[in-house]
Visitor: 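For reference, the structure I am asking about is given below.
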Amino acid sequence: MIMKFAEHFYYIGAAMNRPGQDGMWDEEDGFYYDLLRLPDGSATRLRVRSMVGLLPLCATTITEKSMRERIPQTMASLQERMRRIPELKETIHPTGVGHLG
């Protein structure tokens, strides 16, 4: 269950933070916008300030080292999964010493 939740979390983060016009984040406005996906595969941002743009700001989590140490097999599986799908890991902001925010 942990793996499924974590994997969904990563996929949602990757979709929201996809660079360019295909992602929800608008660098110029500093806000998340809904995307309208068109049949040809392209996307158009709906520049409406709504709850959609605020909710991603709440979707964060920090898993303390002591918590990760309690589930070593799960963490190893998750790290292996991230190794096989590096584009998901790219959307995770690093934390800890030397990283702000």
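Here the structure is a predicted model, which is why all the values come from computation and not from measurement.
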Visitor: Just verifying a value: how many Å separate K65 NZ and M75 CE, rounded to the nearest 0.5 Å?
Guide: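 So the gap between those two atoms works out to 11.5 Å.
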
Visitor: Only counting residues at least two apart or in another chain, list the ones meeting side chain to side chain contact (heavy atoms under 4.5 Å, CB included) with Q79.
Guide: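 Once residues adjacent in sequence are excluded, Q79 has no partner under the side chain to side chain contact (heavy atoms under 4.5 Å, CB included) criterion.
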
Visitor: Side chain to side chain contact (heavy atoms under 4.5 Å, CB included) with R70: which residues, sequence neighbours excluded?
Guide: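 None.
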
Visitor: Would you say that Y10 contacts R81 through its side chain, given a criterion of any heavy-atom pair below 4.5 Å between the two side chains?
Guide: no

Visitor: S77: which residues meet the side chain to side chain contact (heavy atoms under 4.5 Å, CB included) condition with it, sequence neighbours left out?
Guide: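 Counting only residues at least two positions away or on another chain, S77 forms a side chain to side chain contact (heavy atoms under 4.5 Å, CB included) with M3.
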
Visitor: Please, which pairs that meet ring pair (Phe, Tyr, Trp, His ring centres under 6.0 Å) have at least one residue in residues 33-52, sequence neighbours excluded?
Guide: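 Every ring pair (Phe, Tyr, Trp, His ring centres under 6.0 Å) pair that includes a residue of residues 33-52, provided the two are not neighbours, is F31-Y33.
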
Visitor: Near Q73 CD, under 6.0 Å, is it more than 12 heavy atoms from other residues, nucleotides or ligands?
Guide: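 Atom CD in Q73 is not crowded, with 12 or fewer foreign heavy atoms closer than 6.0 Å.
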
Visitor: Which distance, rounded to the nearest 0.5 Å, do you find between the CE of M51 and the OH of Y32?
Guide: 15.0 Å

Visitor: For E80, give me all partners under side chain to side chain donor-acceptor pair (under 3.5 Å), at least two apart in sequence or on another chain.
Guide: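 In terms of side chain to side chain donor-acceptor pair (under 3.5 Å), with neighbours along the sequence ignored, E80 is linked to R83, R84.
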
Visitor: Determine the minimum heavy-atom distance between L35 and R37, stating which atoms define it.
Guide: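 Taking L35 first and R37 second, the nearest heavy atoms are CD1-NH2, 3.6 Å.
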
Visitor: Do I85 and E7 have side chains that approach each other closer than 4.5 Å (heavy atoms only, starting at C-beta)?
Guide: no

Visitor: Applying side chain to side chain contact (heavy atoms under 4.5 Å, CB included), can you list everything that pairs with D34, at least two apart in sequence or on another chain?
Guide: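 Testing D34 for side chain to side chain contact (heavy atoms under 4.5 Å, CB included), a comparison that skips the adjacent residues, returns L46, V52.
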
Visitor: How many angstroms lie between atom CZ of R49 and atom CG of L54, to the nearest 0.5 angstrom?
Guide: 9.0 Å

